[in-house]
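Residue numbering restarts at 1 for every chain, and letters A, B, ... go by the order of the sequence lines.
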Protein chains: 2
Amino acid sequence: MTVTIKDIARIAGVSYSTVSKALNNSPLVKEVTKRKILKVAEEMGYEPNLAAKQLVRKKTDVIGLMWPTIERIVLATLVTNISKAFEATPYSMILSVDSPETAMDTFKKFQVDGMIVFGESNKISVTTDNIPFVIYGVSGKNETTSPIIDANHEASMQKAVKHLFELGHRHIAYIGHLDTEDALQSEKVEGYEKAMKHFGLNEYIQIINSNGLNWFDGYTAIDEVLGQEKLPTAIIGGSYDISGGILRALQEKGVRIPADISIVSYDNIPQMATMEVPMTCTGVPVDILAEEIVHTIIERIESDEEIESVKKLSPTLTERESSGPPPNKR
Amino acid sequence: MTVTIKDIARIAGVSYSTVSKALNNSPLVKEVTKRKILKVAEEMGYEPNLAAKQLVRKKTDVIGLMWPTIERIVLATLVTNISKAFEATPYSMILSVDSPETAMDTFKKFQVDGMIVFGESNKISVTTDNIPFVIYGVSGKNETTSPIIDANHEASMQKAVKHLFELGHRHIAYIGHLDTEDALQSEKVEGYEKAMKHFGLNEYIQIINSNGLNWFDGYTAIDEVLGQEKLPTAIIGGSYDISGGILRALQEKGVRIPADISIVSYDNIPQMATMEVPMTCTGVPVDILAEEIVHTIIERIESDEEIESVKKLSPTLTERESSGPPPNKR
DNA sequence: TTGTACGCGTTATCAC
DNA sequence: GTGATAACGCGTACAA
């Protein structure tokens, strides 16, 4: 038999409403009694019954995270960080890997207070009968009233190019996934181009299509780079995996990083620090991103006012060993 | 305002207890009234309140899945399949990517009826105060009373070797991750050796250490293979990723699959069918595995008797294009 | 400062 | 077959 507040009340010699108040840290109960009650509760191994609480409070303190494409690992780190970020809040998070429809059903059933959605917002907005939610993804052509959290990809690229430019690089190539529907990828390339132009490096713009976002795509793309007459002195990799492949391929060909070629990678995740060569990277640090997402959904739940609907987060450039001055400046 | 059974009762002109029965498809209510009530409920958009139900039933119909190492993608397909398998049951699944301790807290809070745990059972067993659970993982030296679901790795390798042997292969090499604490990996190697001996192929046993489980580990391991004088006519890859690397590396060297070398991979997942060369594979099909895990936890919840505590599932060999007769038998 | 009583939405046990 | 009604565990006016 599980222990309820009535049991506590009996043992502690008070009424169970007092117990309830004490447990909720109400100012309406004397410090001494509060402490006594808490102690008794502790001893009896009391665990509040969420269902009962929810029944009267009309609130679950639970937030659902919809993550339908679990098999693309890129977001796993973000999920982990979001999960961690919630630990500092009164909210719990549950994760659904089902289709948006099934996930919605589950979340409705649990009566979550809010939802976090990754990616496209298309179908969701229709069925989301007034459960507040935030979207993490590209802020392109969405016409939802819910807040969208997005990294500022253009600024990320700006920072990467700036960093390399100031080190003395001119010929800075970009390797990423082109020709895709994925708006995120296009934004990155465009950001790169803009930044190059901004620094007057138009003639050095070189974009290489990796034809994919995976490790191997970066690995093979290097052939194209090394085949050319004039090598770039720096390469910007379009994703964590791509950069990993780039790094590996270069090392195998005897290219020294960063002495011969510098690399800067998109995606600011801790794993960058533990690569073969610790990787300089640009992007919104994943813990900040997580923090922001969590913060936003909670705010959206707790305040009735609408919040600004698109939030572009500023990236950080994290400098590591993979980037340094170009050969001619050493 | 959400609609409750009382609202339905009022509209339908019956008492709310009758509504409850109708909604639960009780035989104690006439067909006509049942249908009428159901119709009204439908029209009003009634959604049962889980919290209230749970409060009286002492059961949530929710099962928690603990998956702490989300960033190792290997299990993603399994998770997806488990999730899908639950859709055919009255249970819902929630996923936690937190540490076992935090996950346990969450699950307790939700009062899940049962839990599925991936991997080590060490710490869990202590804190799991009588929540039924099953473990998916290696059945080595665990001394828990909870059922462990495990694939029969030895049998998997047996089938792989048998398949190749019957096609005419003799020199069958194994590429996998050795020298690791991971019991699963060792079981696979041992299974390979045993199988080779069983078919009298002792002299052909060749084990190559990929030093990892990832794509690139398979990719590089091929160098070692091709460096030797006598090439194997068949290779068994220790994991999906490893095999992908093997396949790629061989193709790049102009080795034809399966004309020159046959490949069989461990891990029986649908993705095997969509590789560059559709891959023959061995192992418990992931949907069967998922089905079994779901089935076991539910059984464990619903029956009080203890079930057999270790369940070794039989593997299947799925034949595809990556394996065929060796060159000398063509 | 503490205790009483009611309601949250549902199931289950009785009567009718 | 159907309808009252008592739980389930908790929060909260309201009374004391």
Length of the line joining [X]:[atom1] and [N]:[atom2], which is rounded to integer Å:
X: A/I37; N: D/dG11; atom1: CD1; atom2: P; result: 13 Å
X: A/Q111; N: C/dC8; atom1: CD; atom2: P; result: 15 Å
X: B/R35; N: D/dG1; atom1: CZ; atom2: P; result: 14 Å
X: B/R10; N: C/dG9; atom1: CZ; atom2: C1'; result: 14 Å
X: B/I8; N: C/dT10; atom1: CD1; atom2: P; result: 8 Å
X: A/K36; N: C/dT1; atom1: NZ; atom2: P; result: 15 Å
X: A/K59; N: D/dC10; atom1: NZ; atom2: P; result: 18 Å
X: A/L55; N: D/dC8; atom1: CG; atom2: C1'; result: 9 Å

Interatomic distance, A/I94 atom CD1 to A/F107 atom CZ [nearest 0.5 angstrom]:
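If we round to the nearest 0.5 Å, A/I94:CD1 and A/F107:CZ are 5.0 Å apart.
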Looking at NZ of B/K39 and CD1 of B/I8, how far apart are the two atoms once the value is rounded to the nearest 0.5 Å?
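That separation rounds to 13.0 Å.
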Counting side-chain heavy atoms from C-beta on, which of C/dG9, D/dG9, C/dT10 comes nearest to B/P48?
C/dT10
Looking only at heavy atoms, what is the nearest atom pair of B/K30 and B/T33, with distance?
O-OG1, 2.8 Å
Treating [X] as the side-chain partner and [Y] as the backbone partner, does any N or O pair qualify as donor plus acceptor under 3.5 Å?
X: B/K311; Y: B/I293; value: no
X: A/T60; Y: A/Q111; value: yes
X: B/N268; Y: B/T316; value: yes

Looking at every strand, decide which applies to B/K6 at a 4.0 Å heavy-atom threshold: base, sugar-phosphate, or nothing.
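Base contact.
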May I have the step-by-step check of side-chain hydrogen bond (donor to acceptor under 3.5 Å, both in side chains) for A/D98 and A/S96, ending in yes or no?
CA-CA 6 Å; A/D98 300 304; A/S96 170; 3.2 Å; yes
Show each protein N/O and nucleotides 2-5 of chain D N/O combination with a separation under 3.5 Å, one pair to a line.
unit_1: D/dT2; atom_1: OP2; unit_2: B/K30; atom_2: N; d: 2.7
unit_1: D/dT2; atom_1: OP2; unit_2: B/T33; atom_2: OG1; d: 3.0
unit_1: D/dG3; atom_1: OP2; unit_2: B/S15; atom_2: N; d: 3.1
unit_1: D/dG3; atom_1: OP2; unit_2: B/T18; atom_2: OG1; d: 2.5
unit_1: D/dG3; atom_1: N7; unit_2: B/S17; atom_2: OG; d: 3.1
unit_1: D/dG3; atom_1: N7; unit_2: B/K21; atom_2: NZ; d: 3.2
unit_1: D/dG3; atom_1: O6; unit_2: B/K21; atom_2: NZ; d: 2.6
unit_1: D/dA4; atom_1: N7; unit_2: B/S17; atom_2: OG; d: 3.4
unit_1: D/dA4; atom_1: N6; unit_2: B/S17; atom_2: OG; d: 3.2

Check this one for me: any side-chain N or O of B/N24 less than 4.0 Å away from OP1 or OP2 of C/dT11?
yes
